[in-house]
Engineer: 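Once you've had a glance at the structure underneath, I'll fire off some questions.
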2 protein chains.
Amino acid sequence: MYTIGQVSEMFNIPISTLRYYDKEGLFPDMERQSGIRKFSEQEIEALRVIDCLKVSGLEIKEIKQFMEWTKEGSRTFAQRKQLFETRKAAVEEEISQLQKTLDMLKYKCWYYDTAIADGSEENIIAMLPDKLPPEIQKLYNSAHEIEKEAA
Amino acid sequence: MYTIGQVSEMFNIPISTLRYYDKEGLFPDMERQSGIRKFSEQEIEALRVIDCLKVSGLEIKEIKQFMEWTKEGSRTFAQRKQLFETRKAAVEEEISQLQKTLDMLKYKCWYYDTAIADGSEENIIAMLPDKLPPEIQKLYNSAHEIEKEAA
DNA sequence: TTAATACCTAAACCTGACTTTAGGTCAAGG
DNA sequence: CCTTGACCTAAAGTCAGGTTTAGGTATTAA
């Protein structure tokens, strides 16, 4: 059993945030001893799930909904599973968005590397939009949503 | 040259957002014809960069800063390159966070699959924290930040 | 005994990124 | 001529997710 201060230290989350989460109903079963919150393993695991769902794009209200399902026992297994499946798909989608962002960033890094070496952007601009070095052209196309044309 | 309405359609961005970006200084060179905004290729490319930097975690103010650098010409190549390098590192970091989130989500999917099949969580709980099936154990460890212990 | 800590609440406040509102200009079509 | 549609501005409003403030309790340490 941990106090709010200990949990705050362990997870590097402000105390005010933990209280806010509690107020929002994210720890529905948390016990208290003369008014003082006692975080058990259950709440610790809840914190990991909260972080996971938050990162996956869920709002606090929706996370609360999930926490309520867990209180309803085996009746809600299917709903909970569905939620995680949906979140998984969302995160996979987000990763692939970030990969595209990364392609743009890599392209821009190359762009400025080259501009610095050349002292100007002129040479690069002359290569646009399809005479870039092959590796760079791939990044450029990905970042500009240019699909390979039919043969 | 495009009107704000055309750009809004092309990129699926609300007109109000485009005006907001303009007001925040994200299109410092945009021309107008009798008060009406004219989006050129320059602003179109700016929009792609805005999206990229936004996704990478930059705030609007910081993106404005970048747009101002581009106006200063070759003098700011190095700063701009540095910015993209930093953003690249940030996005790589975020992707790896999402990978860990994905491990948690996969673990939870397995968890509820199994719980549904068993009709209860008991069997699973009995396997915690280190008697899970090997593949699942990996996900669990990753999601719970458990490093492999020294041999 | 008093002063520092660690905890508590309710309610106000903050921030970023938009969105909405209210009121106005201007060109084309019926 | 007058209405419709696409544009414009300034300013107020919204929303999520916290954070801060103000005031209070309980335990411990000098």
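All values reported here derive from a predicted model rather than from experimental measurement. Reminder, nothing fancy here: chain letters follow the sequence lines and each chain counts from 1.
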Engineer: Could you check, using the six-membered ring where one of them is a Trp, whether Tyr111(B) and Phe84(A) have ring centers closer than 6.0 angstrom?
Structural biologist: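 Centroid distance Tyr111(B)-Phe84(A): not below 6.0 Å, so no.
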Engineer: So if I take every side-chain heavy atom of Lys61(B) and compare against dG16(C), dC7(C), dT19(C), which nucleotide ends up nearest?
Structural biologist: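 That would be dG16(C).
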Engineer: For the backbone of Trp69(A) and the side chain of Glu72(A), can you confirm whether one donor and one acceptor N or O come within less than 3.5 Å of each other?
Structural biologist: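 No, because the side chain of Glu72(A) does not come within donor-acceptor range (under 3.5 Å) of the backbone of Trp69(A).
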Engineer: Heavy atoms, side chains only, cut-off 4.5 Å: are Leu83(A) and Leu58(A) in contact?
Structural biologist: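 Side chain of Leu83(A) against side chain of Leu58(A), heavy atoms only: contact under 4.5 Å found.
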Engineer: Just checking Glu59(A): base, sugar-phosphate only, or nothing, at a heavy-atom cut-off of under 4.0 Å?
Structural biologist: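 Sugar-phosphate contact only.
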Engineer: Determine: side-chain N/O of Thr17(B) to OP1/OP2 of dA17(C), distance under 4.0 Å, yes or no.
Structural biologist: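 Checking dA17(C) against Thr17(B), no side-chain N or O comes under 4.0 Å of OP1 or OP2.
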Engineer: Parallel, tilted or perpendicular: which describes the rings of Tyr140(A) and His144(A), with under 30° parallel and over 60° perpendicular?
Structural biologist: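 Parallel.
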Engineer: Atom CD1 of Ile60(B) and atom P of dT19(C): how far apart are they, to the nearest Å?
Structural biologist: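 Going from CD1 in Ile60(B) over to P in dT19(C) covers 11 Å.
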Engineer: Between dG16(C) and Tyr20(B), is there an OP1 or OP2 to side-chain N/O distance shorter than 4.0 Å?
Structural biologist: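 No, Tyr20(B) has no side-chain N/O under 4.0 Å of OP1/OP2 on dG16(C).
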Engineer: Is there a side-chain contact between Arg32(A) and Arg37(A) in this structure, where contact means two heavy atoms from C-beta onward sitting under 4.5 Å apart?
Structural biologist: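 The answer is yes, as the side chains (C-beta and beyond) meet within the 4.5 Å cut-off.
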Engineer: Okay, side chain of Glu62(B), backbone of Glu59(B): is any donor-acceptor separation there less than 3.5 Å?
Structural biologist: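 Looks like yes, one N/O pair under 3.5 Å.
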Engineer: Could you give the start and end, 5' to 3', of the contact zone on DNA chain D for chain A, using atoms under 4.0 Å from its heavy atoms?
Structural biologist: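 Answer, 5' to 3': dA16(D) to dT20(D).
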Engineer: Could you tabulate the donor-acceptor pairs under 3.5 Å formed by side-chain atoms of residues 95-108 of chain A, not counting sequence neighbours?
Structural biologist:
from      : atom 1 : to        : atom 2 : distance (Å)
Ser96(A)  : OG     : Glu93(A)  : O      : 3.3
Lys100(A) : NZ     : Glu145(A) : OE2    : 2.3
Thr101(A) : OG1    : Gln97(A)  : O      : 3.2
Asp103(A) : OD2    : Ser142(A) : OG     : 2.7
Lys108(A) : NZ     : Glu45(B)  : OE2    : 3.4

Engineer: Could you state the CD1-C1' distance from Ile63(B) to dA17(C), rounded to the nearest angstrom?
Structural biologist: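 In whole Å, dA17(C) C1' and Ile63(B) CD1 are 11 Å from each other.
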Engineer: For salt bridge (charged side-chain N to carboxylate O under 4.0 Å, His left out), just list the numbers for Lys71(B) and Glu68(B), CA-CA rounded to whole Å, side-chain angles, deciding distance to a tenth of an Å, and then say yes or no.
Structural biologist: CA-CA 5 Å; Lys71(B) 281 178 54 179; Glu68(B) 273 158 15; over 6 Å; no
Engineer: Which residues in residues 28-52 of chain A have a heavy atom closer than 4.0 Å to any atom of DNA chain D?
Structural biologist: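 Nothing qualifies; none.
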Engineer: Closest nucleotide of DNA chain D for Arg19(B) versus for Lys23(B): which of these residues is on the 5' side?
Structural biologist: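 Taking each residue's closest nucleotide, the earlier one in sequence belongs to Arg19(B).
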Engineer: Are the side chain of Ser74(A) and the backbone of Ser120(B) linked by a donor-acceptor contact shorter than 3.5 Å?
Structural biologist: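 Side chain of Ser74(A) to backbone of Ser120(B), a donor-acceptor pair under 3.5 Å: no, none is there.
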Engineer: Between dC7(C) and Thr3(A), is there an OP1 or OP2 to side-chain N/O distance shorter than 4.0 Å?
Structural biologist: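 For dC7(C), OP1/OP2 do have a side-chain N/O of Thr3(A) under 4.0 Å.
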Engineer: Please tell me if Lys54(B) has a side-chain N or O lying less than 4.0 Å from either OP1 or OP2 of dC18(C).
Structural biologist: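 True: Lys54(B) side-chain N/O within range (under 4.0 Å) of dC18(C) OP1/OP2.
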